[in-house]
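Working notes, structure below.
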Amino acid sequence: RKEVEQDPGPFNVPEGATVAFNCTYSNSASQSFFWYRQDCRKEPKLLMSVYSSGNEDGRFTAQLNRASQYISLLIRDSKLSDSATYLCVVPENTGNQFYFGTGTSLTVIP
Amino acid sequence: SAVISQKPSRDICQRGTSLTIQCQVDSQVTMMFWYRQQPGQSLTLIATANQGSEATYESGFVIDKFPISRPNLTFSTLTVSNMSPEDSSIYLCSALDWDQSIYFGEGSWLTVV
């Protein structure tokens, strides 16, 4: 089983829609989780950090389900500018290794 | 977060040659990493750049092919040696942030012809 798994999509949603991505992880001892956004031909950039049950920042909400070992990213009121690839990242417990999901592609359509 | 500068930002190289990518962080960081991302793929860790000692390479990556230097806490280089078209990729320098997340330089786009 891979350390981190994501649905690659693509997700194509209309403007204003709500969309959610899931990411499953294999290490039950993981303590921190991150969502990154990567635009085409750009580097990944940190979107949200999750340390406990969840985190919210404007239209974006990340939730952690430890029992089922997944984290989700919810985007409300989607904007065209939200179109990107969203990467789920889980650090190894030592913090010396980061496991990246393959990314979920989102396209918001006018 | 600190700012990471990478150069070159892109290059087109002849097969068989070598290219050195430089990574400069504007503050001291404990951990620096080099990743590779091939088109349509996720990130693959090449190695952890250790200050003052040899880098720690991941499976499938060797020092002869990807020599790395890290002379201090703000600077590192990655060399891609004896390049082949399969080495065409984006190479990303990254550093560990205070909250245990990582942040990236803008990447170096390498095309080998």
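Throughout, protein chains are lettered first and strands after them, A, B, ... in sequence-line order, and every chain is numbered starting at 1.
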Positions in residues 105-113 of chain B that reach chain A, provided some heavy atom is under 4.5 Å away: B:G105, B:E106, B:W109

Step-by-step side chain to side chain contact (heavy atoms under 4.5 Å, CB included) determination, B:Q37 to B:Y35: CA-CA 7 Å; B:Q37 186 176 30; B:Y35 285 86; over 6 Å; no

Main-chain N/O of A:A67 paired to A:Q69 side chain as donor or acceptor, under 3.5 Å: no

Side chain to side chain donor-acceptor pair (under 3.5 Å) between B:Q6 and A:E43, worked out: CA-CA 11 Å; B:Q6 266 185 254; A:E43 77 277 19; over 6 Å; no

Heavy atoms of other groups near B:I12 CD1, more than 12 under 6.0 Å: no

Check: A:N55 side chain, A:S49 main-chain N or O, donor-acceptor pair, under 3.5 Å: yes

Spacing of CG belonging to A:N12 relative to CG belonging to A:L106, to within rounding of 0.5 Å: 8.0 Å

Donor-acceptor under 3.5 Å (A:R66 side chain, A:S53 main chain): no

Within residues 45-56 of chain B, residues adjacent to chain A where the heavy-atom gap is under 4.5 Å: B:L45, B:T48

N/O donor-acceptor pair under 3.5 Å between A:S68 side chain and A:N65 backbone: no

Gap separating the OG atom of A:S30 from the OH atom of A:Y99, nearest 0.5 angstrom: 9.0 Å

Chain B-proximal positions within residues 75-84 of chain A [heavy-atom distance under 4.5 Å]: none

Sidechain-backbone polar pair: A:T104 side chain, A:G9 backbone, donor-acceptor under 3.5 Å: no

Top contributor to chain B interface from A:P91, A:P44, A:G103 [non-hydrogen pairs under 4.5 Å]: A:P44

Verdict with reasoning, B:F104 to A:Y36, per side chain to side chain contact (heavy atoms under 4.5 Å, CB included): CA-CA 11 Å; B:F104 294 87; A:Y36 282 76; 3.9 Å; yes

Value rounded to 0.5 Å, distance of CD1 in B:I102 from CG in B:L43: 7.5 Å

Chi angles and distances behind the side chain to side chain contact (heavy atoms under 4.5 Å, CB included) call for A:I71, A:W35: CA-CA 9 Å; A:I71 56 173; A:W35 283 102; 3.7 Å; yes

Sorted by number, residues from residues 73-96 of chain B in contact with chain A (heavy atoms, under 4.5 Å): B:L92, B:L96

Pairwise distance CG(A:L74) to CZ(A:R59) - rounded to 0.5 angstrom: 10.5 Å

Contact leader toward chain B among A:Q38, A:K45, A:K42, A:R41, where contacts are heavy-atom pairs under 4.5 Å: A:R41

Of A:F33, A:F100, A:F98, the residue whose pairing with A:Y25 passes ring-ring contact (aromatic ring centres under 6.0 Å, His included): A:F33

Verdict with reasoning, A:E3 to A:Q97, per side chain to side chain contact (heavy atoms under 4.5 Å, CB included): CA-CA 11 Å; A:E3 297 287 343; A:Q97 169 75 281; over 6 Å; no

Heavy-atom donor-acceptor pair, B:Y57 side chain to B:F66 backbone, under 3.5 Å: yes

